[in-house]
Amino acid sequence: MTERLSITPTHAYRNNDKLIGIGNAFWDMSERSGLAGIVAAYGEGVLRTEAGHEYIAEGHEFVNFSCCSYLDLDSHPKVIEGGIEALRRYGVLDHCIARSRVQIPAMLELEASLGELFGAHVVCSIAASTATFGLLPLIASGHLGTGKRPLMIFDKNAHVSMANVKPVCADETEVVTSGHHDLNFIEDACKKYEQVAYVCDGSDSLGGYAPVKELAELQDRYGLIVYYDDSHSMSAYGERGVGYVRTHSPVLDERTIVVMTLNKAFGTSGAAIVLDGYDKETLRVIERFGGALNYSQLLNTPAVGAGLASAEIHRTGELVTLQNKLYENIQLFDSLIHTDQTGSTFPIRLVPMGDDTVIEAGRRVFEAGFYVSPVFFPIVARGTAGLRVMMRAGQSAEQVRALCAVLAEVGARPTAPIPGEAAR
Ligand SMILES: *Cc1c(COP(=O)(O)O)cnc(C)c1O
């Protein structure tokens, strides 16, 4: 019998042995400590109690400080009603055929509404991850952008939904990874290559925003294309909730492509691809060749209806009220616990903890009635462990204060009181 061949992978862009080998230990440890794999049992027809509590099966109440629904729009009565009403209005949950062939007007309605909100052309997809998997290869091949095949630079911290597409892009063009927001690296590449595209988060999941203005200068000087995933700042930031990038980037043409999930502060399902300056032919190419944007399912009608309702809220003063409530909670948190993110409008805080103490700290916080997610080695570098806290508009000041008191007890750094002012 001839010897059969085994495979030696190149692992040029991904390595599951390493990913699972390292990551699974993290999840196992979190789960053993009761900080992952939690099944929250909600009350009849309500996501959160009036006091903002969610429940776990054993009846332990907790306030979720790790949920990305920053404005609590996911359980807003108008959003719920919008979903139900759309299902009745269209009389179908999902229309099972590629939109490039036949579509019902549901998603077109949402795209028109979001387009008006952003002052841009909006294409919806079932998820930001799906949008990214469809769009980045089109950028790689030069079909989306300026028509030239670019050197593609992925930021080292680009969200996994973008990093996962590297091997696919690498089959269409050259792909490199840069340091986090390394503007010098990007500029050097711009001097060397006739076209460069940079892929990064507009707002990072561990806090902080992209250097949108500095990137805009490179866009102006060298025609740099920037692909932003601004999922974390959609709705939570900017007038009518257009997000950080749309608020601050002066380059709003075909060189800037922004993708945002509708599943965080916007409170519904799906994602918005925000485009400026593309002609009809290119939009058709996206629709036909954007991978799952064409062959996979669209947003179902309740998701469209909920999205239309949320978009309406974005046009009213209620959005401003919710954003302000979120910011007040963030400020209250910052006044009590110091983190590297203190002072930012971004709703995520990483409370530093020791690698060997973070799980126990998370467990004690959970026992006290709050869920925050621990991140630690090997999922993040040694020495950068911490409890990730996410603020929402719906948390009460009492809940924020009580959380901060527990955090201080488990080793968080209290914010120094301003001299002459009693600590609040
Ligand atoms: C949460 C998140 C996603 C996932 O969004 P989906 O629409 O659920 O795919 C993608 N990118 C970033 C940056 C995120 O924070």
Side-chain angles (χ1 to χ4, degrees), residues 64-71 73-74 79 107 110-111 114 118 122-137 139 154-166 168-169 177 180-181 198-212 215 226-238 241-246 249 256-274 290-293 296-300 302-304 306-307 310-311 326 341 344-350 373 375 379-380 388-392:
N64 199 336
F65 273 86
S66 201
C67 170
C68 295
S69 181
Y70 305 123
L71 303 179
L73 286 172
D74 57 348
V79 173
M107 207 157 89
L110 181 60
E111 287 169 342
L114 293 175
F118 286 107
V122 167
V123 178
C124 283
S125 76
I126 197 157
S129 312
T130 309
T132 292
F133 221 102
L135 296 181
L136 290 186
I139 294 175
F154 283 73
D155 191 275
K156 140 180 178 292
N157 291 4
H159 187 264
V160 59
S161 56
M162 293 174 274
N164 266 345
V165 200
K166 279 184 199 179
V168 184
C169 294
T177 304
H180 186 42
H181 296 155
Y198 174 55
V199 179
C200 70
D201 293 47
S203 34
D204 297 336
S205 49
L206 281 180
Y209 297 106
V212 168
L215 285 168
V226 186
Y227 182 91
Y228 290 107
D229 180 338
D230 208 11
S231 289
H232 275 291
S233 76
M234 167 95 200
S235 307
Y237 191 98
V242 298
Y244 188 83
V245 173
R246 295 293 299 187
S249 176
T256 305
I257 296 164
V258 186
V259 166
M260 287 180 266
T261 187
L262 301 178
N263 191 234
K264 289 193 165 103
F266 190 79
T268 68
S269 299
I273 302 164
V274 187
L293 292 178
S296 189
Q297 58 192 295
L298 307 184
L299 279 187
N300 62 35
V304 166
S310 180
L326 171 66
Q341 294 80 39
S344 160
T345 49
F346 197 77
I348 301 179
R349 296 290 180 268
L350 183 70
S373 33
V375 292
I379 215 81
V380 293
R388 198 158 63 155
V389 180
M390 301 192 193
M391 310 303 296
R392 284 186 284 110

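Numbers here are sequence positions counted from 1. This structure is a prediction, so every number in the text was calculated from the model and none was measured. Atoms within a ligand are numbered from 1 in the order they appear, just like the ligands themselves.
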For this session: Quick one: list whatever passes side-chain contact (heavy atoms from CB on, under 4.5 Å) with Ser344, sequence neighbours left out.
Result: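 So Ser344 forms a side-chain contact (heavy atoms from CB on, under 4.5 Å) with Tyr209, Phe346, Arg349.
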Judged by modelled atom types alone, do [X] and [Y] share a side-chain donor-acceptor pair under 3.5 Å?
X      : Y      : result
Ser231 : Asp229 : yes
Tyr70  : His232 : yes
Tyr244 : Thr345 : no

Problem set entry | Amino acids in close contact with ligand 1, where any non-hydrogen atom sits under 4.0 angstrom away |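 Residues near ligand 1: Ala127, Ala128, Ser129, His159, Ser161, Asp201, Asp229, Ser231, His232, Thr261, Lys264.
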Seminar exercise, completed: The side chain to side chain donor-acceptor pair (under 3.5 Å) partners of Ser249 (sequence neighbours excluded) come to none
Problem set entry | Contacts of Asp155 that satisfy side chain to side chain donor-acceptor pair (under 3.5 Å) - sequence neighbours left out | His180, Tyr198
